[in-house]
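To keep things clear, I will list the structure first and then write my remarks on it.
Residues take their numbers from the sequence shown, with the count starting at 1.
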Amino acid sequence: MLISQRQTGRLIIFTKYPTPGVAKTRLIPAIGAIEAARLQKRMTERISSAARSLAAFHNVSLEIRYTGATRKQFRTWLGNHLMYSEQVGLDLGMAMLEAFASAFKDGKSPVVLVGSDVPALDDDVLISAFESLSQADAVIGPAADGGYYLLGLNIHEPRLFEGITWSSPTVAADTLSRIRACGMSVTLLATLHDIDRPEDLLRLPESWRMGEQ
């Protein structure tokens, strides 16, 4: 069973508004500011669609943790059916910690947090993550660059976000070590590729070539 009838899980999506020149800046030298922003838009819409598919059949609430625009702009873009909260914190770790803390304070469990730049992250992966949390305290989806695209928890554990060098190639490994050091059981999902650098563009689906809608 994905989530028992007595539980209400939460899926949190971290994303940035697709403003040209601001979104996916490391891709700009390769494809230009407009195409980089268009790609950010498409990837966010893809994971949002996967999240809605999940929530349509399971007891999971959806939250967009956003940056780069106002709540109104995000509602206009992605719709009124989602919860929206601005990312809060001096770095990525603090922003994720605050998002998890808020969800657990609301009585949600399990809680899964994902990024928005992994095209292969679909509703099947999300279901696997929540199913894993019926057996383990944590689940982590490692990214090929050493980070992670997904982190799921059954309990609030701030130590998982302390002392991590964010945006380094050891983020996933360091977080996994921290999970185990906290005495928590953990499940690993398949390693997936995020789209962050020009060389990552080769891993986009064929139908996502530059210029296609």
Side-chain angles (χ1 to χ4, degrees), residues 1-4 6-15 47 50-51 54-55 58-65 67 85 87-196 200:
M1 181 179 293
L2 185 71
I3 298 176
S4 74
R6 292 175 296 176
Q7 292 177 293
T8 302
R10 176 167 291 175
L11 175 62
I12 303 169
I13 301 171
F14 264 45
T15 193
I47 185 59
L54 174 76
H58 302 286
N59 197 17
V60 176
S61 65
L62 307 179
E63 180 180 14
I64 299 290
R65 284 274 169 164
T67 187
S85 303
Q87 293 178 28
V88 177
L90 297 177
D91 60 21
L92 178 60
M94 292 181 65
M96 289 193 292
L97 173 59
E98 196 278 332
F100 273 108
S102 178
F104 284 117
K105 184 178 179 181
D106 287 346
K108 307 301 182 183
S109 179
V111 180
V112 172
L113 186 151
V114 299
S116 60
D117 55 359
V118 179
L121 177 53
D122 57 17
D123 51 331
D124 288 337
V125 178
L126 297 176
I127 289 171
S128 294
F130 279 99
E131 286 179 339
S132 296
L133 290 170
S134 68
Q135 305 288 332
D137 299 318
V139 59
I140 189 166
D145 64 2
Y148 57 77
Y149 62 86
L150 180 151
L151 180 65
L153 300 172
N154 274 320
I155 57 174
H156 181 43
E157 181 46 85
R159 289 176 292 176
L160 303 184
F161 305 94
E162 298 172 354
I164 303 293
T165 303
W166 303 104
S167 299
S168 76
T170 63
V171 170
D174 292 345
T175 302
L176 185 59
S177 296
R178 191 67 57 83
I179 290 171
R180 289 169 172 158
C182 290
M184 300 168 64
S185 57
V186 60
T187 297
L188 283 175
L189 300 179
T191 298
L192 299 179
H193 291 268
D194 56 10
I195 307 300
D196 204 30
D200 299 326

Could you grab the distance from atom CG of Leu113 to atom OH of Tyr149, nearest 0.5 Å is fine? 13.0 Å

Closest heavy-atom pair and its distance - Ala51, Leu11: CB-CD2, 3.5 Å

Would you give the length of the straight line joining atom OG of Ser168 to atom CG of Asp174, rounded to the nearest 0.5 angstrom? 6.0 Å

Smallest heavy-atom separation, His193 atom then Pro119 atom, equals O-CD, 4.1 Å

Taking only residues two or more places apart in sequence, or in another chain, which ones meet Thr187 in a side chain to side chain contact (heavy atoms under 4.5 Å, CB included)? Ser132, Ala136, Val139

Working to the nearest 0.5 angstrom, can you tell me the gap between Ile12 CD1 and Ser102 OG? 7.5 Å

Check whether any side-chain heavy atom of Glu98 lies under 4.5 Å from a side-chain heavy atom of Ser85, and answer yes or no. no

Locate the shortest heavy-atom distance separating Ala120 from Val125; write the atom from each residue and the value. O-CG2, 3.9 Å

At what distance, to the nearest 0.5 angstrom, does OG of Ser109 lie from NE2 of His156? 12.0 Å

Any side-chain heavy atom of Met184 sitting closer than 4.5 Å to one from Ile155? yes

Interatomic distance, CD1@Ile164 vs CG@Leu97, rounded to 0.5 Å, equals 12.0 Å

Do you know the tightest heavy-atom contact between Leu188 and Pro142? CD2-CD, 4.4 Å

Taking side chain as C-beta onward, heavy atoms only, is Ile47 less than 4.5 Å from Thr15? no

Report yes if the side chains of Phe14 and Ser116 come closer than 4.5 Å at any heavy-atom pair, otherwise no. no

Would you confirm whether Ser134, through its side chain, and Glu131, through its main-chain N or O, come within 3.5 Å as a donor-acceptor pair? yes

Within the side chain of Thr8, is there an N or O that forms a donor-acceptor pair under 3.5 Å with the backbone of Asn59? no

Arg178 bridged to Glu157 by N-O distance under 4.0 Å: no

Roughly how far apart are Thr175 OG1 and Leu151 CG, rounded to 0.5 Å? 7.0 Å

Are any non-hydrogen side-chain atoms of Met96 and Phe161 less than 4.5 angstrom apart? yes

Taking the side chain as everything from C-beta on, heavy atoms only, tell me whether Leu153 gets closer than 4.5 Å to Leu160. yes

If you compare all heavy atoms of Gln87 against all heavy atoms of Arg65, which two are closest, and at what distance to 0.1 Å? NE2-O, 3.1 Å

Can you find a pair of side-chain heavy atoms, one from Asp194 and one from Asp145, that are under 4.5 Å apart? yes

Can you see which heavy atom on Leu150 is nearest to which on Gly152, and at what distance? CD2-N, 4.1 Å

If only atom types and distance count, is the side chain of Asp122 paired as donor or acceptor with the main-chain N or O of Asp124 below 3.5 Å? yes

Where does the angle between the aromatic ring planes of Trp166 and Tyr148 fall among parallel (under 30°), tilted (30 to 60°) and perpendicular (over 60°)? perpendicular

